> 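Here it is, the structure, as structure tokens.
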Protein chains: 2
Amino acid sequence: MGAKLSKLSGMVDRTSVDVESRARARTRRAILDAAITVLSQHSSASLGDVADAAGVGRTTLHRYFPERADLLTALSADVLAQIDAAAERAQLDRGPAPDALDRLCQEFFELGDILMCVFSQPELMNTPAWEECSDADRALIRLVERGHAEGTLDPALDPLWVQQVLWSVLYAAWQHTRENSVSKHRALDLCLRSVRKVVAANPG
Amino acid sequence: MGAKLSKLSGMVDRTSVDVESRARARTRRAILDAAITVLSQHSSASLGDVADAAGVGRTTLHRYFPERADLLTALSADVLAQIDAAAERAQLDRGPAPDALDRLCQEFFELGDILMCVFSQPELMNTPAWEECSDADRALIRLVERGHAEGTLDPALDPLWVQQVLWSVLYAAWQHTRENSVSKHRALDLCLRSVRKVVAANPG
DNA sequence: CCCTAATGGAACAGTCATGCTCCACTAGAG
DNA sequence: CTCTAGTGGAGCATGACTGTTCCATTAGGG
């Protein structure tokens, strides 16, 4: 991919590069979004299904991602970036730990299908970049340790477990909306309430 | 399948039927167990992989389950039966609701890969028998409603949500053992502690 | 020991996703 | 308007999985 782009940019001037990038970036994004939607529901969907969902031809998809592995790699990177961005928005280092966890929960909940992708494709997160040390992961670990120090988070729950529970309860919330036709608002409320109760420091 | 069995039983006497059934039942069980193990990790694994894991030839697998769909149907029924059996063992109608939920959690935790199967293959549970009304489901719903009446379970959490959280925290616990090399004992402890905190009625 | 059910391997055709090429079409920059 | 990047469709070769048949071998009951 890099070879092709550099070849193109060598053929045209700077302004043209921008315009091209706009068109290509739009298509690329459409494909990635479609991939997230489709693969979050059926992890072994064909590339044709993804192309259809993206509203592009299979040929075009192959032009952007020559092999299936290329699409998955790009998908992985995109998901990782969006998760990190959500964690950034939550400003985990600010305010009481339980409140910060609330904010993170809400930001992650908004990710929707991206969330489900991570769950239904755990093997997709085995790239070097995901080796359990994304920015979001590290921020969350810091947050939990801070909560322990503050006495606001249950000291019996180590950071990795808090992370597991957070993600799985988010998953539960989305499943709750899908299977039981519960409103997103209600699901988020249950999610927040449940996570808060789990991580709360024992009053005794 | 039924046709073949009835044909066989028509050719031999009663005692032989039992012996045959023993051999066949053993192979059948090996295949189902292998399917649970393999498909819980890679939901689109080939039948050859399942046969290998079961220690039988692909031909033999096809003899028991002519088509892939037949295997999945049998798998679904088997998983459902094992879940119901686990719920039965938990005796949900006995004792305080939180304690009963604890027992259910422990029984489900022991199911291991069966648990992961349900998670990674939700589409597999779309058979008539699974239409959200298995014995285990109904028992759990009764249990939560009883807890609400007793005042021992949080009235803000409806039965379906409790079910979602229970399953997803169980999933989290198993993932915790897989990814973070945590002992099963420790994971179960965290799981029980977390579920208890979530469902507890607010003291205030 | 004998016999049969049960199994495993090999081979085969059919199906489907994939990766690739070629060509015609369209929109948008100049 | 002209030209080109971008696109979409048809077609083709390939490989993997599937479902099936046939045959040789083995384990276990009588």
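Computed from a prediction, not measured in an experiment: that's the story for all the values here. The chains referred to below are lettered A, B, ... by the order of the sequence lines, with proteins before strands, and numbering in each begins at 1.
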> What is the separation between atom CG on B:L61 and atom P on C:dG8, rounded to the nearest whole Å?
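Taking CG of B:L61 and P of C:dG8, I get 10 Å after rounding.
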> What is the ring orientation for B:H176 with A:W161, classed by angle as parallel under 30°, tilted 30 to 60°, or perpendicular over 60°?
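Answer is tilted, since the angle falls between 30° and 60°.
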> What's the CD-C1' distance between B:E67 and C:dG14, to the nearest Å?
13 Å
> If you check the A:P66 side chain, which of C:dC20, D:dG6, D:dT7 turns out closest?
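Comparing C:dC20, D:dG6, D:dT7 against the side chain of A:P66, the answer is C:dC20.
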> Can you tell me the distance, in whole Å, between the CZ atom of A:R24 and the P atom of C:dA27?
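Checked: the CZ to P distance equals 19 Å.
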> Looking at A:R94, is its backbone amide N or carbonyl O close enough to the side chain of A:R103 to form a donor-acceptor pair, meaning the two atoms are under 3.5 Å apart?
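Confirmed, A:R103 side chain pairs with A:R94 backbone.
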> Examine the base of D:dG8 for any acceptor or donor lying under 3.5 Å from a partner atom in the side chain of A:R63, and report the outcome as yes or no.
yes
> How many Å lie between CG on A:L47 and P on C:dT18, as a whole number?
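That distance rounds to 4 Å.
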> Whole Å only: how far is the NE2 atom of B:H62 from the P atom of C:dG9?
14 Å
> Between A:D49 (CG) and C:dA17 (P), how many Å, whole number?
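Computing the A:D49:CG to C:dA17:P distance gives 7 Å.
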> For A:L71 and C:dA17, what is the distance between atoms CG and P respectively, to the nearest whole Å?
16 Å
> From the set C:dG8, D:dG8, D:dG19, return the single nucleotide nearest to any side-chain atom of B:R68.
D:dG19
> Relative to each other, are the rings of A:Y171 and B:Y171 parallel, tilted or perpendicular (30° and 60° limits)?
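Correct class here is parallel.
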> When you check the phosphate oxygens OP1 and OP2 of D:dG6, does a side-chain N or O of A:Y64 lie under 4.0 Å from one of them?
no
> D:dT18, C:dC22, C:dG8: which one has an atom nearest the side-chain heavy atoms of B:T60?
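For B:T60, the side-chain atoms sit closest to C:dG8.
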> Nearest nucleotide by nearest heavy atom, which residue falls closer to the 5' end of DNA chain D, B:R26 or B:R58?
B:R58
> Sub-3.5 Å donor-acceptor pair from the side chain of A:S134 to the main-chain atoms of A:W130, do we have one?
no
> Please report the distance, rounded to the nearest Å, between CZ in B:R22 and P in C:dT4.
21 Å
> If we count only N and O atoms by modelled type, under 3.5 Å, do the side chains of B:D78 and B:Q82 hold a donor and an acceptor together?
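Indeed, the side chains of B:D78 and B:Q82 share at least one donor-acceptor pair under 3.5 Å.
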> Where the side chain of A:T59 is defined as all heavy atoms beyond and including C-beta, which of C:dA6, C:dG8, C:dC22 is the nearest nucleotide?
C:dC22
